[in-house]
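Treat the numbers as computed from the prediction; the structure is a model and nothing was measured. As the structure lists them, so they are numbered: ligands from 1, and atoms in each ligand from 1.
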Amino acid sequence: MTIRPIVTLPDPVLKTVSKPVAGVDDEVRALFDDMLETMYDAPGIGLAAVQIGIPRRLVVLDAVRDEDAPRNPICFANPEIVWASEELSEYEEGCLSIPEVYDMVTRPAEVKVRFLDRDGAEQEMHCSGLLATCIQHEIDHLNGVLFIDYLSRLKRDRIVKKFAKAKRQEKEPV
Ligand code: K1U
Ligand code: ZN
């Protein structure tokens with residue numbers, strides 16, 4: 001298992017629509033393992049493959065925030081939302097690809113997700129609470145959507161500009 005570098009704003013790969021996997025084989029399982037290692041190391045509660053520069057429809061999650069609780073990793077290949085509640089919930093989201101930026105996002109409070117699990121079997125999972133917020137955030141990543149896309153244009157532009165400037169300065173010779 002390898003900790004991979006996490007791609008950050010304004011890397012254009014974050015705006016790409018990820019491609020589905022044909023199935024879950026050993027190569028995909030090895031990628032899931034690297035994604036989990038990278039997510040726990042960050043630390044984070046979710047990660048999409050595109051965040052390590054691989055635009056495939058793969059997500060890992062562990063939305064148990066209690067550090068003393070046993071780990072509960074979940075692997076999703078080709079996840080899709082097949083039902084969303086009318087009830088909404090608001091949560092202050094963060095993103096490993098936009099470090100140190102947090103803001104409130106409103107999303108459906110509950111969703112049902114269809115996906116292939118680590119063994120390649122089709123599953124449906126009813127998600128509520130933080131799990132529902134997190135899986136929607138991760139499926140957005142697979143569609144090239146970031147949580148800052150839900151903010152006002154003013155806020156979003158400020159964030160993008162700040163990261164673009166930091167990237168430029170990183171490249172400038174000292
Ligand atoms: O996709 C990502 O960038 C991961 C992101 C997931 C997420 C967090 C909050 C709401 C929606 C989606 C993160 O994991 S940000 C880091 C974070 O939330 C966290 C870090 C350490 C402990 C607990 C949470
Ligand atoms: Zn994110």
First locate atom CD1 of Ile3, then atom CE of Met39, and finally report the distance between them rounded to the nearest 0.5 Å.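 It comes to 12.0 Å.
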
Out of all atoms in ligand 1, which are within 4.0 Å of some heavy atom of [X]? Include the element for each.
X      : answer
His141 : 1 (O), 3 (O)
Gly94  : 5 (C), 7 (C), 8 (C), 9 (C), 15 (S)
Glu93  : 10 (C), 11 (C)
Gly46  : 1 (O), 2 (C), 4 (C), 14 (O)
Cys95  : 3 (O), 15 (S)

Are Glu80 and Arg57 close enough for a salt bridge, meaning some N to O gap below 4.0 Å?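 Looking at Glu80 and Arg57, the cut-off is not met.
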
Residues Asp34, Arg4: salt bridge by 4.0 Å N-O rule: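 Looking at Arg4 together with Asp34, the answer is yes, because their closest N to O distance falls below 4.0 Å.
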
Ligand 1 to [X] polar contact by distance, N or O atoms, under 3.5 Å:
X      : value
Gln51  : yes
His137 : yes
Leu96  : yes

Could you tell me whether the side chains of Tyr150 and Asp140 share a donor-acceptor contact shorter than 3.5 Å?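 Yes, because at least one side-chain N or O of Tyr150 sits under 3.5 Å from a partner of the opposite role on Asp140.
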
Distance only, no hydrogens: is a donor on one side chain within 3.5 Å (strictly under) of an acceptor on the other, for Gln51 and Ser97?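 The answer is yes; a qualifying pair exists.
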
Nearest candidate to atom 2 (C) of ligand 1, where distance is taken over non-hydrogen atoms, out of Arg107, Met39, Glu138: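 Nearest heavy atom to atom 2 (C) of ligand 1 lies in Glu138.
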
Give me the protein N, O or S atoms that fall under 2.8 Å of the Zn ion (ligand 2), sorted by chain and residue number.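 Within the sphere that stays under 2.8 Å of the Zn ion (ligand 2), the protein atoms of type N, O or S are Cys95 SG, His137 NE2, His141 NE2.
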
Test: Arg118 cationic atom under 6.0 Å from Phe32 six-membered ring centre, within 45° of axis: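 No cation-pi geometry.
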
ring-ring contact (aromatic ring centres under 6.0 Å, His included) with Phe147: which residues, sequence neighbours excluded?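 Scan of Phe147 (ring-ring contact (aromatic ring centres under 6.0 Å, His included), adjacent residues dropped) gives none.
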
